[in-house]
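Worksheet: one structure, shown below.
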Amino acid sequence: HDLLLMDGMYGVRPPLPLVPGLECSGTVVASGGGFKAWLLVGKRVACAAGVRGGGGWAEYACFPVENVVKLPDDMSFETGACSLLNPLTALALMNIAKERGAKGIAISAGASQLGRMVTRLAVRQGIHVVHIVRGGEHVKILRKIGARNVLISGEVEFDSELTEMCKKMEVTLAFD
């Protein structure tokens with residue numbers, strides 16, 4: 001989301017200068033007022049800036065209390081930071097795939113939180129996924145959740161392997 005926003009390709013153009021970070025997580029250190037916000041002081045939370053905002057990449061950020069969710073104690077900040085927008089994005093991508101009758105999809109950044117969410121949804125719906133990743137550590141992450149069709153974009157044979165795998169998996173849609 002944030003990279004698209006910074007490239008001006010997210011669908012909205014927020015005023016500049018902009019600190020990126022449409023979603024983030026952290027510990028609430030202060031409240032701007034109100035009972036609900038006061039209850040979150042000292043708590044671990046996930047935050048969403050909304051499509052016109054940003055700021056989650058800053059050391060300190062301020063969000064409306066409606067955009068803040070308390071994290072479970074056993075959830076990492078990394079998972080929490082991806083727990084608001086990514087699930088909705090994954091559902092939207094799978095709805096697009098279903099509407100278009102896709103038997104297979106390809107997804108870049110396949111080992112990202114979003115990529116893994118899409119994978120879990122696709123498997124449930126019987127849609128094949130070709131994952132494109134940047135390195136071997138990403139392959140291991142995907143293998144742990146049962147992904148079979150994983151390609152490393154920097155490999156010499158990447159283009160031909162991608163073409164072959166997409167034909168085999170009947171890929172008709174790609175998400176980048």
Side-chain angles (χ1 to χ4, degrees), residues 1-7 10-12 14 18-98 105-127 129-150 152 175-176:
H1 303 105
D2 293 301
L3 297 178
L4 291 173
L5 183 69
M6 291 186 302
D7 284 342
Y10 195 69
V12 295
L18 170 74
V19 175
L22 293 175
E23 55 188 340
C24 61
S25 62
T27 302
V28 177
V29 297
S31 162
F35 184 70
K36 189 174 177 183
W38 176 78
L39 287 175
L40 292 172
V41 174
K43 304 292 190 282
R44 301 169 67 255
V45 298
C47 310
V51 296
R52 300 212 181 278
W57 289 5
E59 186 174 354
Y60 293 94
C62 183
F63 296 99
V65 70
E66 298 82 24
N67 296 22
V68 179
V69 177
K70 185 180 177 301
L71 292 178
D73 292 337
D74 61 346
M75 182 180 286
S76 71
F77 283 128
E78 292 80 8
T79 300
C82 301
S83 64
L84 300 176
L85 299 180
N86 279 338
L88 297 175
T89 302
L91 289 169
L93 294 176
M94 291 312 304
N95 281 338
I96 292 168
K98 285 192 308 188
I105 61 172
I107 186 163
S108 62
S112 67
Q113 289 286 348
L114 176 60
R116 288 180 272 171
M117 289 176 191
V118 168
T119 297
R120 289 181 183 104
L121 292 171
V123 166
R124 288 184 195 149
Q125 296 176 24
I127 297 174
V129 182
V130 174
H131 303 85
I132 302 165
V133 298
R134 292 189 180 180
E137 68 278 2
H138 299 131
V139 174
K140 291 176 188 175
I141 290 169
L142 286 167
R143 294 275 190 247
K144 284 182 181 178
I145 64 166
R148 295 182 199 92
N149 310 307
V150 185
I152 300 173
F175 299 116
D176 182 25

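In what follows, every heavy atom counts, from backbone to side chain, and hydrogens, waters and symmetry copies are set aside. This structure is a prediction, so every number in the text was calculated from the model and none was measured.
Residue R148 qualifies as open at atom CZ: its count of foreign heavy atoms under 6.0 Å is 12 or below. Around CH2 of W38, the count of heavy atoms belonging to other residues, nucleotides or ligands within 6.0 Å does not exceed 12. Around the NZ atom of K140, the shell of radius 6.0 Å holds no more than 12 heavy atoms that belong to other residues, nucleotides or ligands.
Residues S31 and A37 approach most closely at OG-CB, 3.3 Å, considering heavy atoms. The nearest pair of heavy atoms linking G80 to A46 is O-CB, 3.2 Å. The two residues S108 and D176 come nearest to each other via the heavy atoms OG-OD1, 2.6 Å.
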Inset, instruction - Determine, stepwise, if the pair V68 / K36 fulfils side-chain contact (heavy atoms from CB on, under 4.5 Å). - result: CA-CA 10 Å; V68 179; K36 189 174 177 183; over 6 Å; no
Inset, instruction - Apply side-chain contact (heavy atoms from CB on, under 4.5 Å) to I152 and V139, showing your working. - result: CA-CA 8 Å; I152 300 173; V139 174; 3.8 Å; yes
Legend entry - Steps toward side-chain contact (heavy atoms from CB on, under 4.5 Å) verdict (V129, N149): CA-CA 7 Å; V129 182; N149 310 307; 5.9 Å; no
Legend entry - Stepwise side-chain contact (heavy atoms from CB on, under 4.5 Å) test for L71 and F77: CA-CA 8 Å; L71 292 178; F77 283 128; 4.1 Å; yes
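Under the 4.5 Å side-chain criterion, counting only non-hydrogen atoms from C-beta, V69 is not in contact with V45. Residues M94 and I105 have side chains in contact (heavy-atom distance under 4.5 Å, counting atoms from C-beta outward). For the pair V130/I107, no side-chain contact is recorded, criterion being any heavy-atom separation below 4.5 Å from C-beta on.
Formation of a donor-acceptor pair under 3.5 Å by the T79 side chain with backbone atoms of M75 is not found in this model. Using a distance-only test at 3.5 Å, with no hydrogens or angles considered, a donor-acceptor pair links the side chain of R44 to the main chain of P72. Between the side chain of E23 and the backbone N or O of A48, no donor-acceptor pair lies under 3.5 Å.
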Side-chain donor/acceptor pairs under 3.5 Å, residues 114-127, sequence neighbours excluded:
from: R116; atom 1: NE; to: A111; atom 2: O; distance (Å): 2.9
from: R116; atom 1: NE; to: S112; atom 2: O; distance (Å): 3.4
from: R116; atom 1: NH2; to: A111; atom 2: O; distance (Å): 3.3
from: T119; atom 1: OG1; to: G115; atom 2: O; distance (Å): 2.9
from: T119; atom 1: OG1; to: H131; atom 2: NE2; distance (Å): 2.6

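The CG atom of L91 sits 8.5 Å away from atom NZ of K98, with the distance rounded to the nearest 0.5 Å. Here the CH2 atom belonging to W57 is positioned 11.5 Å from the SG atom belonging to C24, to the nearest 0.5 angstrom. Note: L84 CG to C47 SG = 8.0 Å, rounded to the nearest 0.5 Å. If you take CD1 on I141 and CD on E137, they are separated by 7.0 Å, rounding to the nearest 0.5 Å. To the nearest 0.5 Å, the span separating CZ on F63 from CG on L40 amounts to 13.0 Å.
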